[in-house]
Amino acid sequence: MTRSISIVLVALAAATAVSAQQPRQADLVLTNGKIITVDERFTIAQAVAIAGDRILATGTNDEINRLAGPGTRRIDLRGRSVLPGLIDNHLHLLRAGNTWMQELRFDGVESRKKAVEMLKARAKAAGPGGWVFNIGGWAHQQFADDPKPFTREELDQIVPDNPVALQESYYQVFLNSKALTAFGIEPGKPDPSDFIKGSIQRDASGKPTGIIKGDIAATRPVAARMPKLPADQLEASTTALVKDMNRAGLTSVGVPGCNADVLEIFQKWKAQGQSPLRIFCIGGAAAGTPEAVDRSIPQIAQMKLFQGDSYIDNVFFGESVYGPLHDPMFALKSNPTPDQLAQWRRMAMEIAKAGLPLHVHAELTNTIDAFLDQIDAVNKEHPIKNLRWTLAHINQINAAQLERMKALGMYAAVHPWAVINGAIMHEGFGDGAYDMPPLATLQNSGIMWGLGTDGTAANQTLPFVTLYFAVTGKMAGGMKVIKQTVSREDALIAHTRKNAFFVFQENNLGSIQQGKLADLLVLDRDYLTIPADQIKDIKPVMTMVGGRVVYDAGTTASTR
Ligand SMILES: [Zn+2]
């Protein structure tokens, strides 16, 4: 008995010795860099080794070079910094595939002069009569050189031969004369019936000014009239979208409402081993009336999440539960009624009973209080502690609400609409807007919170602009709009490691650590040391998903 045990021990020791002498060889090593691992200790390493789709090791140049063999590809980082791939926990990405190629996006454009040049160039490319448009993602206050709205006359001058529709977030749309004519919006004629009453702005003589204004419902008829992408161009449009996201540093996205047609394209890419971006869907059978709640309840019981993998999966019910309690984007106050809340609770009860994680749109103080009251009641019957119930957006959350959420075992997905809408929010909320969102309060509360955008319409999509906002309190273009900021380390953690939790991938993603998936960015400058005002200007020079290069600016030399 004793003898056979010692034989086993000797055999184990021999096996260990062999593997120590011949560790698995790296397929790729990146050396001479500043690897910002974002692990629990925020370790900075010099080099990283990748084998297959995972991180083999991080360490010094010497340690990592020992893992390289004759077949190993090498990248000399020449001092450049490396971050984990950035994760946006809430971006309406798949929906955008349907329009991206046609849209003239202003994400990150800080100069009105440049926007005007872009309009002219796009009109030329579209040819006479072709639409020039975008569906949100910007606001004119981001134009640091001249932050003023567009007028109909000005747009007529810039783009005389094409219809133009430029949608600022969900706040208003600027149209030129050709677009107004195309819509049948004319002096002396009644408004088209699908436009919200009063949303079409007219001057004293009844002439339309070119502005459509009044929240999401007002902008929707314009977006609905934009030209539809031919089905055979959907993949090209989605490719352009994903390229832009990879170039901006995104490698994973939580996606409310995964559109089936675009999802199919991601599934095809995955089957080909070419997924450029990880997609974690937030979906479900939201209801808008008590009768619809009746119909949704049996569907909730049938809903199956987590049937996918680390490339595509369904992870949350959301982002809407009961339509009448879905805070409109520019509302200043909400008054949830007992009837509405009773319906919301019926839905939430069923979601908890089915054991589903919930990621729900909640913005205004009264709404958040009312939802927490309902969740308290639900929790007594069907505990939610391990279900990662998450309130999303929550720009108007306060410290007391965060304490309630923590006690319930809830989480906070923060989407600062102020990144483009800060100036508009100050018009509406006054000084209250300085705490929307209250980032320092969130950080100090100790709640698990992650950053996202809620792009592509409500907000811009660039993660380094979001990080700049979180660190400086400045919206795109530089106007100071919030007072509560966080350190650049905490902002980065919220956009990487903590967001991995919000897509149920904390064991695979969010930091550069042995065993995790090799999603990372090589940056053109050091996120940790450049002046904070330059964080928005950081450009990845290389983006990697699962050890595969999905974006390469061509400035990182690699050798074998
Ligand atoms: Zn939302």
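Position 1 is the first residue of the sequence, and the numbers go up from there. Read the numbers this way: they start at 1 and go in the same order the structure lists the ligands and their atoms.
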Protein N, O or S within less than 2.8 Å of the Zn ion (ligand 1), waters excluded: Glu319 OE1, His361 ND1, His393 NE2

Exercise: do Glu363 and His326 side chains pair donor with acceptor under 3.5 Å: no

Exercise: do Thr543 and Asn246 side chains pair donor with acceptor under 3.5 Å: no

Residues which pass side-chain contact (heavy atoms from CB on, under 4.5 Å) with Lys536, listed by chain and number, not counting sequence neighbours: Glu110, Val465, Tyr468

Test side-chain contact (heavy atoms from CB on, under 4.5 Å) applied to Arg220 - qualifying residues, sequence neighbours left out: Ile216

Contacts of Asp244 that satisfy side chain to side chain donor-acceptor pair (under 3.5 Å) - sequence neighbours left out: Trp100, Arg247

Ring-face cation of Arg388 near Phe316 (centre distance under 6.0 Å, axis angle within 45°): no

